[in-house]
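Computed from a prediction, not measured in an experiment: that's the story for all the values here.
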Amino acid sequence: MKVVQILEGRREGELLAFPSVRHMADILSQRCREPSWVRTSVATLERFRSMTGHSDLELFLEQVRADPALAEQALASFASALGRYTDMQISALAMGAKLWFRLNRVDVPWRPLAVQATPPTLATLDQQGSERVILLALIGSGLRLAELLRLRLGDVGSLDGEGRLIPDVEADPLAVQFIPRRGKPVERITFLTYQARRALLSSLEQRDTARYPLDLDAPLLVQHSRSTVAQARQRSRSLIHAGSDVNVALCRATGNFFREWGLPGSRFVGPDDLNIEEYS
């Protein structure tokens with residue numbers, strides 16, 4: 001799908017007038033199976049631009065190419081402006097800026113920007129923990145289960161200027177390179193959510209303690225059985241169904257409201273409709 005089609009009708013689509021933004025969006029549209037990552041990257045880049053005061057992105061790009069430290073300073077300033085947000089929210093909102101820098105050959109670190117991170121404790125080596133990691137990795141990434149289970153540690157990391165993967169399990173955002181199970185066997189990329197990234201890092205810490213191999217060819221997920229995979233798949237379906245049920249309920253409630261009360265303004269009583277004699 002072309003970038004213009006992906007961003008059609010969206011206000012932040014105006015950023016495509018900047019060649020560097022168009023370049024970023026073009027690479028993502030070619031490399032990502034899910035067009036939502038194009039929308040996410042452009043939308044969060046617009047947030048970064050407005051909150052840091054860099055209205056002319058091309059001028060700013062020239063400046064950071066001459067002095068890369070300015071890019072890190074801008075990201076730190078952005079995180080500071082989002083100080084009341086959670087580490088997860090800051091990570092999500094900084095995604096577009098980090099992608100824009102990297103895909104335009106400005107080598108900024110891909111690390112969490114939040115000052116205080118509070119990762120939850122996950123029992124990731126038991127059956128329930130493995131199930132949780134699988135479930136979190138599937139949510140939002142667009143990965144199919146068979147694609148996820150084939151991944152190696154060398155398949156996750158950050159991106160270079162061409163959108164190719166640089167292995168780095170601690171990258172934030174955490175990109176994933178995979179070969180689709182169906183269709184053309186061409187490498188694609190997607191991203192894990194911040195929660196999935198934290199769960200994965202927790203599991204790797206425990207694997208290191210248990211002396212599991214952690215080289216680039218090691219499997220991304222270990223200790224998963226058929227029952228673990230089946231339970232993760234069932235929970236994933238349950239979450240999808242629950243979300244669908246909530247959406248249907250909201251749509252029905254909205255429809256019932258308008259059926260009872262009419263369209264907005266249809267019951268408005270203006271001065272011409274009032275009996276002046278009653279108020280005199």
Side-chain angles (χ1 to χ4, degrees), residues 1-52 54 57 61 71 74-75 78-79 81-82 85-104 106 108-114 136-144 147-148 156-166 168 171-178 180 187-200 239-240 243 247:
M1 185 179 295
K2 295 182 178 180
V3 172
V4 175
Q5 293 175 308
I6 295 173
L7 297 176
E8 185 177 7
R10 299 178 67 90
R11 179 180 58 84
E12 58 268 19
E14 298 175 0
L15 265 67
L16 294 181
F18 293 104
S20 61
V21 178
R22 183 61 177 260
H23 175 70
M24 175 190 75
D26 282 337
I27 290 178
L28 292 176
S29 66
Q30 294 167 15
R31 297 277 282 137
C32 295
R33 181 169 62 194
E34 296 291 326
S36 60
W37 293 120
V38 178
R39 292 190 286 267
T40 297
S41 63
V42 176
T44 53
L45 177 59
E46 169 61 22
R47 183 74 170 271
F48 170 82
R49 182 178 77 129
S50 62
M51 292 187 68
T52 58
H54 297 294
L57 290 176
L61 187 59
L75 286 171
F78 185 52
L82 298 171
Y85 287 61
T86 65
D87 51 354
M88 179 183 68
Q89 291 171 317
I90 294 174
S91 173
L93 290 170
M95 181 179 181
K98 290 182 178 180
L99 279 166
W100 177 69
F101 282 130
R102 277 288 185 92
L103 295 180
N104 285 284
V106 179
V108 296
W110 275 24
R111 288 294 183 268
L113 296 175
L136 290 173
L138 289 174
I139 295 175
S141 68
L143 285 169
R144 296 185 174 90
E147 296 165 348
L148 173 64
V156 299
S158 61
L159 299 179
D160 66 10
E162 301 296 329
R164 295 172 301 208
L165 190 93
I166 303 172
D168 179 5
D172 176 42
L174 188 59
V176 179
Q177 183 170 272
F178 67 100
E187 288 183 343
R188 300 287 186 185
I189 58 171
T190 185
F191 299 88
L192 296 188
T193 63
Y194 190 69
Q195 300 95 319
R197 173 187 173 275
R198 293 198 302 191
L200 177 61
L239 285 171
I240 292 172
N247 188 47

Practice task
Classify the angle between the aromatic ring planes of Trp37 and Phe191 as parallel (below 30°), tilted (30 to 60°) or perpendicular (above 60°).
Solution key: perpendicular
Handout entry: Worked check of side-chain contact (heavy atoms from CB on, under 4.5 Å) between Met51 and Leu82
Key = CA-CA 9 Å; Met51 292 187 68; Leu82 298 171; 3.7 Å; yes
Handout entry: Qualifying residues under salt bridge (charged side-chain N to carboxylate O under 4.0 Å, His left out), relative to Glu34, sequence neighbours excluded
Key = none
Exercise for the section: Working to the nearest 0.5 Å, report the span between CG of Leu103 and CZ of Arg31. Expected result: 10.0 Å
Completion exercise
Residues passing the side chain to side chain contact (heavy atoms under 4.5 Å, CB included) test with Ser141, sequence neighbours excluded, are Leu143, Thr190, Leu192
Exercise for the section: Indicate the ring-plane relationship of Phe48 and Phe78, choosing parallel, tilted or perpendicular according to the 30° and 60° boundaries. Expected result: perpendicular
Handout entry: Atom of Val106, atom of Ala71 and distance for their closest heavy-atom approach
Key = CG1-CB, 4.0 Å
Handout entry: Distance-minimising heavy-atom pair for Val108 and Lys98
Key = CG2-O, 4.3 Å
Exercise for the section: Drop me the distance from Ser41's OG to Leu99's CG, to the nearest 0.5 angstrom. Expected result: 6.0 Å
Exercise for the section: Evaluate the criterion side-chain contact (heavy atoms from CB on, under 4.5 Å) for residue pair Asp168 and Trp110; output intermediate values, then yes/no. Expected result: CA-CA 9 Å; Asp168 179 5; Trp110 275 24; 5.6 Å; no
Handout entry: Set of residues satisfying side chain to side chain contact (heavy atoms under 4.5 Å, CB included) with respect to Thr193, sequence neighbours excluded
Key = Gln195, Ala196
Practice task
Show your working on side chain to side chain donor-acceptor pair (under 3.5 Å) between Ser91 and Asp172 and close with a plain yes or no.
Solution key: CA-CA 7 Å; Ser91 173; Asp172 176 42; 2.7 Å; yes
Fill in the blank from the handout: Taken to the nearest 0.5 Å, the spacing of Leu15 CG from Arg10 CZ works out to 12.0 Å
Problem - Residue pair Ala25 / Leu16: nearest heavy atoms and the distance that separates them - result: CB-CD2, 4.0 Å
Practice task
State, to 0.1 Å, how close Ala74 and Thr52 come at their nearest heavy-atom pair, and which atoms those are.
Solution key: O-CG2, 3.9 Å
Completion exercise
Between His23 and Gly161, the two heavy atoms sitting closest are NE2-O, 4.2 Å
Handout entry: Value rounded to 0.5 Å, distance of OG in Ser158 from CZ in Arg111
Key = 8.0 Å
Problem - Pairs satisfying salt bridge (Lys or Arg N to Asp or Glu O under 4.0 Å), at least one member in residues 188-197, at least two apart - result: none
Practice task
Could you tell me the separation between the CG atom of Leu45 and the CZ atom of Phe18, rounded to the nearest 0.5 Å?
Solution key: 9.0 Å
Problem - From Leu174, Leu136, Asp87, residue fulfilling side-chain contact (heavy atoms from CB on, under 4.5 Å) relative to Arg198 - result: Asp87
Practice task
Carefully, step by step, assess Ile27 and Leu159 under the rule side-chain contact (heavy atoms from CB on, under 4.5 Å).
Solution key: CA-CA 11 Å; Ile27 290 178; Leu159 299 179; over 6 Å; no
Fill in the blank from the handout: Those residues at least two apart in sequence (or on a different chain) that pass side chain to side chain contact (heavy atoms under 4.5 Å, CB included) with Ala79 are Ile90, Leu113
Handout entry: salt bridge (charged side-chain N to carboxylate O under 4.0 Å, His left out) involving Arg33 - partner list, sequence neighbours excluded
Key = Glu147
Problem - Any side-chain heavy-atom pair of Ile166 and Arg102 under 4.5 Å - result: yes
Problem - Where Ala92 and Thr44 come nearest, the two heavy atoms and their spacing - result: O-CG2, 3.5 Å
Practice task
Drop me the distance from Leu7's CG to Lys2's NZ, to the nearest 0.5 angstrom.
Solution key: 14.0 Å
